[in-house]
Amino acid sequence: MADITITLPDGNQRVYPAGVTCAAVAEDISKSLAKKAISCTINGEHRDLSRVIEADADVAIHTMQDEAQALELIRHDCAHIMARAVQELWPDVKVTIGPVIDNGFYYDFDRQEPFSSEDLTEIEKKMREIINKRDPVTTEIWDRDRAIKFYEANKEPYKVELVGMIPEGQDIRMYWHGHWQDLCRGPHLAHTGQVPADSFKLMSVAGAYWRGDSNNQMLQRIYGVAFKNKEDLRAYLHMLEEAEKRDHRKLGKSMDLFHLQEEAPGMVFWHPNGWAVYRVLEDYMRRRLTDADYKEIKTPQVVDRKLWEASGHWDKYRENMFITEIDEEHANEKRVNALKPMNCPCHVQIYNQGLKSYRDLPLRLAEFGSCHRYESSGSMHGLMRVRGFTQDDAHIFCTEDQIETETGRFIGLLSRIYKDLGFETFEIKLSTRPEVRVGSDEIWDKAEAALTRAIDNLGLPYEVDPGEGAFYGPKLDFKLTDAIGREWQCGTFQADFNLPERLGAEYIGEDGHKHRPVMMHRAILGSFERFLGILIENYSGKFPLWLAPRQVVVASIVSDADNYVLEVVEKLKSFGLRAEADIRNEKINYKVREHSVGKVPVILAIGKKEVEDRTVSLRRLGEKSSDVIGLDETVELLVKEATPPDLR
RNA sequence: GCUGCUGUAGCUCAGAGGCAGAGCACUCCCUUGGUAAGGGAGAGGUCGAGAGUUCAAUUCUCUCCAGCAGCACCA
């Protein structure tokens, strides 16, 4: 048999007969490595130790020290061990698939009765038994017919389907965890005992469609998390608790920002505190847009179906629209209206008033556009996905030649705004022409190139998502990263060659002839509701002073200070600060606690001394100490800090 | 929309086929207290909505509504 050369990560080369296994290579390198080895990487592919190497290759042997590989194996084996546990407990359950996901794994089962939380405890117990058996994990490659017959005999219809889906020429790899068998591409640990028995936890059961298709059978998915050791698991569970604390739905309640109720699902009732933040954000956005030469407009909420038919929404978007029928007394037929789900058709109506010249372009029409969409019941989530919302929407009517400049200007505006709102970094995704589209290839070439050049000119990195553009034009999506590393797609910048055509928008060019403008749909926050949800979670409710709903509470320590407290509050208010007095008959400890829980950024405590010296004792949220400073100095300090970033 | 779970005081939650419970919040009284809960008393409920079983249902069953987790959806 021919010899092959194996190159190790340190550059060392070793020669072995072709067909050598990775385990043998590890054994050859050192006994201790062989003992610790869990898997290997062959030419960049993560594989089992039992994998044979047939030709020259780059090989790395992994141990539990290799975080990424170790976690992948632990989680993947956990999924299999869970499936085995389930089938040992309930042999008639059918197995399907069970991949590794962030922090853990899941496995989808077909079972008549739902899994209960007691069942999960049972399964966990059984999993630990399996781990303690230290059953070897083995693998074989089978041919298709044999695998199909095997699964038919075992009454595993989903596995039969999966085998059928494996492309011709690809190995059909069968795994055994002890006596239990599964179809899998691997890799796996060498035996079940390598999975740490104390570092995994089954988290929840939920429905999931077979192969992700809502036309298919619904299966039961059990989610689990798994780590290298107990400490990591504990840290993860702790992190979950912390994330729960910043949930905007919880903070919305405790900070008295907004509520939702049964009679208006998906529609927000903004309370005074929440609306204060909303307005600060809206005012800020309005100033930024004005600075950037946008013209603000306002268009109707309820619009006749004729316009939606013309725009194409009646055809493609009707399921998501709130539709109203009005019986007019003498009308021949019912008048059918829809609440606008988008602002664009209305904006074109404003554009279409009066003949436009190329000299009017680019025309940037902005609206804080209140929209309604009938979102499916299961998709709503606090402020993040609602049925009634307001977009920071705008449409830029321009020529094809202006797309590049407008893109650059837009990204400049967007990054300025994200930065002001506390988000330093964002990612850009460029989605290019899909199969089905409108507009000539020439226009698409031009538009895609213009978007690309604009990002390049700014020196920003971006990702291309080929074929993911809208049917009406290419687009840029902007994703920001919050304080705990989650990504949110907020901004969007989309070229549209379709709507101007459908709704008959035109302008007179330099040549004296009529032309079609391009319409750029764009948003920076997305919707105010969702963005406020993101802001609440990003800051954990601890807003910077300019955004905080309640900025300052002035609290008396003794009732003799009440008059001075009221005076201080009036003074702060006269400078535009959102200040309140707390002269309740309570101890200062009580007041400090209550306002800290309410996330008020600044508490000014006032006792006898402060009254005499005309000072305040300033305490910031989360800090233990306080500073005694003069009243005028305090006002100056707070006013400066509460000034929105664009006015500083 | 689908699967599962949940719905009890303003909030967080306990409870049980037979008079509805706690803590916090609220009101009143005492207390004037120096930076995360001072003490006492009181008030507060159609147990999500409707139907059924039962001598009796907030509790059991069914339907609906809403919320939560996930899936699907997000031209």
Requested in this report: With heavy atoms under 4.0 Å as the rule, sort A:Lys609 into base, sugar-phosphate or nothing.
Outcome: base
Report task. Identify, between A:Gly382 and A:Gly622, the residue whose nearest nucleotide on RNA chain B lies closer to the 5' end. Result -> A:Gly622
Query raised in the report: When we call it a touch if two heavy atoms are under 4.0 Å apart, what does A:Glu319 touch: a base, just sugar-phosphate, or nothing?
Result: nothing
Query raised in the report: Would you say a side-chain N or O of A:Lys253 is under 4.0 Å from OP1 or OP2 of B:U12?
Result: yes
Requested in this report: Answer whether the closest heavy-atom distance between the side chains of A:Phe497 and A:Tyr472 falls below 4.5 Å.
Outcome: no
Query raised in the report: Considering heavy-atom distances to RNA chain B, does A:Arg584 or A:Ser204 have its closest nucleotide positioned more toward the 5' end?
Result: A:Arg584
Requested in this report: Look at the side chain of A:Lys316 and decide which nucleotide, out of B:U35, B:A75, B:A69, has an atom nearest to it.
Outcome: B:A75
Report summary line: Relative to its sugar, using the 90° cut-off around 0, the base of B:C11 is anti
Report task. Answer yes or no: is there an ion pair linking A:Arg211 with A:Glu161, defined by an N-O contact shorter than 4.0 Å? Result -> yes
Requested in this report: Assess whether atom CD of A:Gln112 is packed by more than 12 heavy atoms of other residues, nucleotides or ligands within 6.0 Å.
Outcome: no
Query raised in the report: Is A:Tyr223 near enough to B:C71 that one of its side-chain N or O atoms lies under 4.0 angstrom from OP1 or OP2?
Result: yes
Query raised in the report: With sugar-phosphate meaning primed atoms plus P, OP1 and OP2, does A:Ala605 contact a base, only sugar-phosphate, or nothing at under 4.0 Å between heavy atoms?
Result: base
